[in-house]
Structures are given as structure tokens and as C-alpha cells.
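Encoded as C-alpha cells, the structure appears first; notes follow it.
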Number of protein chains: 2
Amino acid sequence: MVSIKDIAKKAGVSISTVSYALNGSPKVTEETRQKILAVAEELKYVPNAAARTLKTRETKVIGLYLTDFGGAFYGDLLQGVKEVLNQKGYDLIVCSGKRSHRFLPERTIDGAIVLDATFSDKELLKYAEMGKKIVVLDRELDHPNINHVFLDNKAGATLAMEYLWENGHRRIYVVTGPKASYDSNQRLKAVRQFAERHELDVKEVEGRFTKESGELAAERIFQEYEEPTAVFCLNDEMAVGLYMYFRKTDLVIGRHIHIIGFDNIELAEYISPRLATIDYSKRKWGALASEQLLKMLSGKSVEHERIYVKLIPGESVGSLSNR
Amino acid sequence: MVSIKDIAKKAGVSISTVSYALNGSPKVTEETRQKILAVAEELKYVPNAAARTLKTRETKVIGLYLTDFGGAFYGDLLQGVKEVLNQKGYDLIVCSGKRSHRFLPERTIDGAIVLDATFSDKELLKYAEMGKKIVVLDRELDHPNINHVFLDNKAGATLAMEYLWENGHRRIYVVTGPKASYDSNQRLKAVRQFAERHELDVKEVEGRFTKESGELAAERIFQEYEEPTAVFCLNDEMAVGLYMYFRKTDLVIGRHIHIIGFDNIELAEYISPRLATIDYSKRKWGALASEQLLKMLSGKSVEHERIYVKLIPGESVGSLSNR
DNA sequence: CGAATCCGTCGAAACGTTTCGAGACACATT
DNA sequence: AATGTGTCTCGAAACGTTTCGACGGATTCG
């Protein structure tokens, strides 16, 4: 409501002087700045973001795109992103769904971090081509305006397989994510390599990275059950689905059936038996992604970063020797 | 980059005609509209949100303020909000932290839904006073520009107490949230009323609505333990904290120690034994909140809404008779 | 047939900033 | 005294829309 113009009038100076004063330009004398600040305060002036954006072409807001708001998975990641961003004077908004894509071309946000499989490569490339800066977390995309923080999926999947192997497991199933998922494919690739190296026959069941699909997968595995069997779920969410299923049977997890996941979601720690899984710092992942994005926005060059993983043992995987 | 002006030039019409055409005004003939649309398409025109906002004074974006991005608690709520909003042509952005408050006065968003105890009443009232429309979910605030969807905390707390009572429990502890929490206070009030009615002596331990504080509370309770004791945690998060603690002792939950929570978070279902708790539709809560907000924005009157609760039994509470 | 009505189009102002270039003034330099 | 050098302030244009009022031409009406 009250604009820079009102301040100018009341303070008896020009509009431009007010603007300079408010923005801390050295062009204006300390005395007039104080006067202007006082008037602004008195009038309860608040800058109009739209007008400023129209002129400066930037919003100091960056968007984070998620597939859905559900996943407990995201908490730490968002925290990491937010910390970095706020510290550099940027704000974070979290978005989901196709509608919100408009923020990118319409310049509501300066850049985006994407962790949303429903956001197509094609669309992303289109925006990148328009000059928008983007960091993707769930795919690799080759474009000067797009960067990527590499999560070491393969190392993680290999760790998981080794853990099962060392515990004596030889009949192993893997429950994959959707075929289109980059993470799933990377992890699966490592599983296959491991299998080949050890001359194992790893059976593959396709899931959708959800609890429900995990439950379905469990059903299939149960039908073919030949004791003892270990299952590597390519994410924890599906592992929880297996838990749900096997609780209804007389197989006990960690004894008759062995499960390991990937992601170390919160639930993995609280469910019992403790789910063995692959952990990585989601917070750091988010922090690195934002740092990359900010560098891109300020025209600096970015070096490729990588997130390391580690194994979290859990009672969901028992040793075959001490049955 | 390409603006309405470029379209006008290329199509050989005036700027205003382009604007009318693009906005589907009946003032322009179908023929010219098609021509303009074609040119816009060809030029890959995208409207500039800042310019439009500057003129129309609205963004068609509403903000949802959360204390932090952590809580798995929010998923369904956000889903409910988003569905309603999208259907009415609005977008949702999720925000957290003081910095983002600027969106309200700076007109980046048309209105806000607040579920964030760190957002002070005073500040909220200030924005309301400026004319911003707000729906609060975690407090009651009396202002024409602020509304509220009522969650039946008292009924929920009473249900929980009755459940414990009917299962024969008489030595009951309640673990509260922070003193400043509206929800905690409402629930606690009902607990006290129940205690008075049944001439019970309910011991109160103060928590902070987090797992860690639940664990601490458990420690205190354990020291005073006199079998059998039931604990009503004023939210599930803290109940999970109790689980963590008691797993380290030789008390088994649902047998020697009995626990009930409030909120029915996802974890409550997957933890074992299943946590008894109070459930309510978070999705509906979100949906009602957004509907209220949209009504306020269009100047309609809003009627007060209320969310009902129900008891979810769980094995975390056993009957005292069949020990 | 002249006047009234309607319809599609247009020009221009406005929204609230930022920022460039120029103006005004004071002071120092030759 | 004329010129030069800074310093502070100002006016005006620009960003990309929306929308009001006006305009001219075609149609309808009495």
C-alpha cells in the first residue's frame, strides 16, 4: 500500500533518493538516509517484491521440487538446503506437482533443485534452455545450466550385497524401483555386477518404491520361498512393505527371512527388528545441491560433488551360520 | 524475454488486444485470438508473473508455514491443501523459518496457512492488520482476517483417557508438550477434567513434542515406576521416544507399561507393538483450511469448521485384567 | 436517411521499483 | 576569476502487464 513514493513525498526528497537510501547505496549522505529510514519506519513501508522483481529480474527465492509432500525421507535434505540458502540471503519454497512448474518460466524463482521423477527431462531441458539454473538430484542431464550432485548408488548397493554375502546368504532377491527411476537403475546395475562376480543368481522383482509395492513383492517372494532367502529392497520404503507382509506369516525377519534396504529413512530405525540399510547424509546432499545452484546463479564454475554412503547393520539381517 | 509487446508487433495488433486475447476476454474476435495464440506459441511466450502481480495485486499462490520440514506428520495435510488449491487455480508453496515471513507483506503470496508455533501471534496479527488473509491451525486468534479450523483436541484427549480407564488403568502419567503449545494445553485441559471427574491423580511430565523429550520423560517415569502404569503422550512423536527408552529396560510395552499417543502419525502403525492413539483426518484438515482461505480471499463469509477425532486401539495398551 | 447502438481494436496510464545520466552546488586548483 | 573535481540529489525511462475510455465502422432502428 505505502510505496517508495509516499516516503519520498513525506521526507521531501526524490523517489530515486529513497531507493538509494533503502538499498544502502553510498551515493546518499548518512543524514538523509537516517531521515528516510525514519519515515519508512513510521509509514510501515514494505517493499513490493513484484515491482522489484520486474526490474531486477531476480527474486532471491529458489524452488525445490518434490514428487509428493509425503516422504519422511525429505526432512533432513530440506534442512540442508534451507540452511545454506538462508545464509546466502535466499529463501526456499517447496513445491510439488505439475502446476508449480510455472514458477520456473514465469520467474517466480531464480532457480530450482529437482528431486521429482514426475518432472520430465524434456521439460527440464526446456527451462534450462531458457536460461534457468537447475540442480537435479534424481537423474543425470547434460546441459550447461543443469548440474547434479552425485549419490554413490553403486557403492551403496555393492555394500548391501556384500553384507548379505558375508552373512552367508546365497539365495538373494532384489526388489527394484520403477523402471524409469535413475536411482533404481544405478543400484540394480551394481547388484547385477556383484551377482556376476560371485556367480550368483539374483532374482529380480519390480516394485514402485512404495510400501504397498513392497508388500506385493513380498507376496511373490513368499510363494517361491526356499529357506533361507535374503531380500535387498532398493529403498527402505519397500522394505517396510515386506515387514508388513511377513508379520502376517510365520517367518520371522532376521531369522527365516532377511531384509536390507537403502536410504536409512527414519522408520528404519524405529521398526523392529532394526532394518539394515545404506545410509548417506541427506542434509549434506541438500547443502551441496544448494551451494552448486548458488554458484551457478552467480556465474561461478561448479565442480562436481559426490555423496558417500555407508552400511548400517541391522537385526533384519542375521548370519546364516548361527541359526 | 519475449513479451506481449513482441507478440503485438509480430501479429500486427496492439498490446492491449494481445492481452485481451491471451486472457480469453470476449472483447476480441475469435479470428484475431487464434492468430495471436499462434504467434504466442511460435515465439514461446511465457507471461511474466512479476509484471502481472504488480498490476493485479495477486499471485495465485498461497503459502503454508511449517515449524520445520522434518515431521512426517505433515504429508497428508499438505496433500489435502494442495488438492483443494490446485483445483481452484492456486499454487501451494511450503515455507519454514522466519526469513520466509517476508512473503506475506511483500505480496509474494495471496494468503497463508500457518502451522508453526515459532510464528508469533503478534506478527500474524500485524499481517492480518495489513489485510492479509490467514488461516491458523495451531492457535486461536481473534481477527477478521484470520480464521481457524478447529481440531477437537479435548474430545481426543478424553477418548484416550477413557480407553486407559476402561482397560483398568488407574495410575496414569501424562507427558505434555511445551507450555506454549495450544494443542498441548487443550489436550491437557481435557485430561485434568477427566482426572477430576474420576478422582484420579494424574501425574504430569513436561515434554517438547519430540522423540528425545519423550525418552527423557520415560526416564523420569521409570524411576517412579509402580506397576502397572499407563502413559498418555500428548503426541505420538513423544510416545515413540518412550518406546526407545523402554526397549532398553525389561519392561514390555503393552504388558508392564502401557502407552497411548495422539496424532496417529505414520510411525505409529509400523512400530511394534502398534501404538494406540487418537486419529483425525489430516488431509481433511488441510482441505478445510484451504477452502476457508479461498473463501476469505474472494470476500465470502466463512463458517467455522471442525475436525473430529477417533480412537485407534493398539497393542501398546493392554487390559489390566488379563495380565 | 439520420440517429442510436454495438463491436472490435487501440492508445495510454498505471502498478512500484531500479538505475542511468545529468544537474546543482561546494570546494579546491591554477 | 575561470576551470576542474567531487559529492549529493534529481528526473525520467524502463521492466511487462492490465484495463479504462475513446475511436471508428458496421449494423439496427424509427
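Reminder, nothing fancy here: chain letters follow the sequence lines and each chain counts from 1. Just so we're clear, the structure is a prediction, and the values are computed from it rather than from any experiment.
- Screening residues 90-99 of chain B for side chain to side chain donor-acceptor pair (under 3.5 Å), with sequence neighbours left out, gives A:D91-B:R99, A:R99-B:D91, A:S100-B:D91, A:R102-B:D91, B:K98-B:E123.
- Defining each end axis of the helix from C:dC1-D:dG30 to C:dT30-D:dA1 as the rotation carrying four pairs' C1' atoms onto the next four, with five pairs an end, the two axes are found to diverge by 60° to 10 degrees.
- B:E305 is linked by a salt bridge (Lys or Arg N to Asp or Glu O under 4.0 Å) to nothing, counting only residues two or more places apart in sequence or in another chain.
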Going by atom type alone, with no hydrogens or angles, which donor-acceptor pairs under 3.5 Å involve a side-chain atom of residues 77-86 of chain A and a protein atom two or more places apart or on another chain?
{"from": "A:E83", "atom 1": "OE1", "to": "A:R283", "atom 2": "NH2", "distance (Å)": "3.4"}
{"from": "A:E83", "atom 1": "OE2", "to": "A:R283", "atom 2": "NH2", "distance (Å)": "2.6"}

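- Among pairs with a residue in residues 132-146 of chain A, those fulfilling side chain to side chain donor-acceptor pair (under 3.5 Å) read A:D121-A:R139, A:E129-A:H143, A:K133-A:N145, A:E140-A:Y182, at least two apart in sequence or across chains.
- For DNA chain D, the contact window with chain A, defined by any atom under 4.0 Å from a protein heavy atom, covers D:dC8 to D:dG16 in 5' to 3' order.
- In this structure a side-chain-to-backbone donor-acceptor pair under 3.5 Å is missing from B:S19 to B:I15.
- Here ring-ring contact (aromatic ring centres under 6.0 Å, His included) pairs that include residues 25-68 of chain B, with residues two or more places apart or in two chains, are B:Y65-B:H101, B:Y65-B:F119.
- Using modelled atom types and a 3.5 Å distance limit, the side chains of B:D183 and B:S181 yield no donor-acceptor pair.
- Within residues 14-23 of chain B, the residues having any heavy atom under 4.0 Å from DNA chain C are, by residue number, B:S14, B:S16, B:T17, B:Y20.
- A salt bridge between A:E291 and A:K88 is absent, with no side-chain N of the basic residue lying under 4.0 Å from a carboxylate O of the acidic one.
- Residues passing the salt bridge (Lys or Arg N to Asp or Glu O under 4.0 Å) test with A:R52: none are found, sequence neighbours excluded.
- Nearer the 5' end of DNA chain C, as judged by each residue's closest nucleotide, is the contact made by B:G12, out of B:G12 and B:K55.
- DNA chain C is contacted by A:Y45, A:V46, A:P47, A:N48, A:A51 of residues 36-51 of chain A, taking any non-hydrogen atom closer than 4.0 Å.
- A donor atom on one side chain and an acceptor atom on the other are not found under 3.5 Å apart for A:D263 and A:N235.
- When the salt bridge (Lys or Arg N to Asp or Glu O under 4.0 Å) test is applied to B:K60, the partners found at least two apart in sequence or on another chain are B:E58.
- If you check the side chains of A:D116 and A:T118, you find a donor sitting under 3.5 Å from an acceptor.
- Contact annotation for B:T32: backbone-only contact, meaning every heavy-atom pair under 4.0 Å involves sugar-phosphate atoms and none involves a base.
- Every residue meeting the salt bridge (Lys or Arg N to Asp or Glu O under 4.0 Å) condition with B:K295, not counting sequence neighbours, appears here in chain and number order: B:E303.
- Whole-Å rounding puts the B:K9 NZ to C:dC10 C1' distance at 17 Å.
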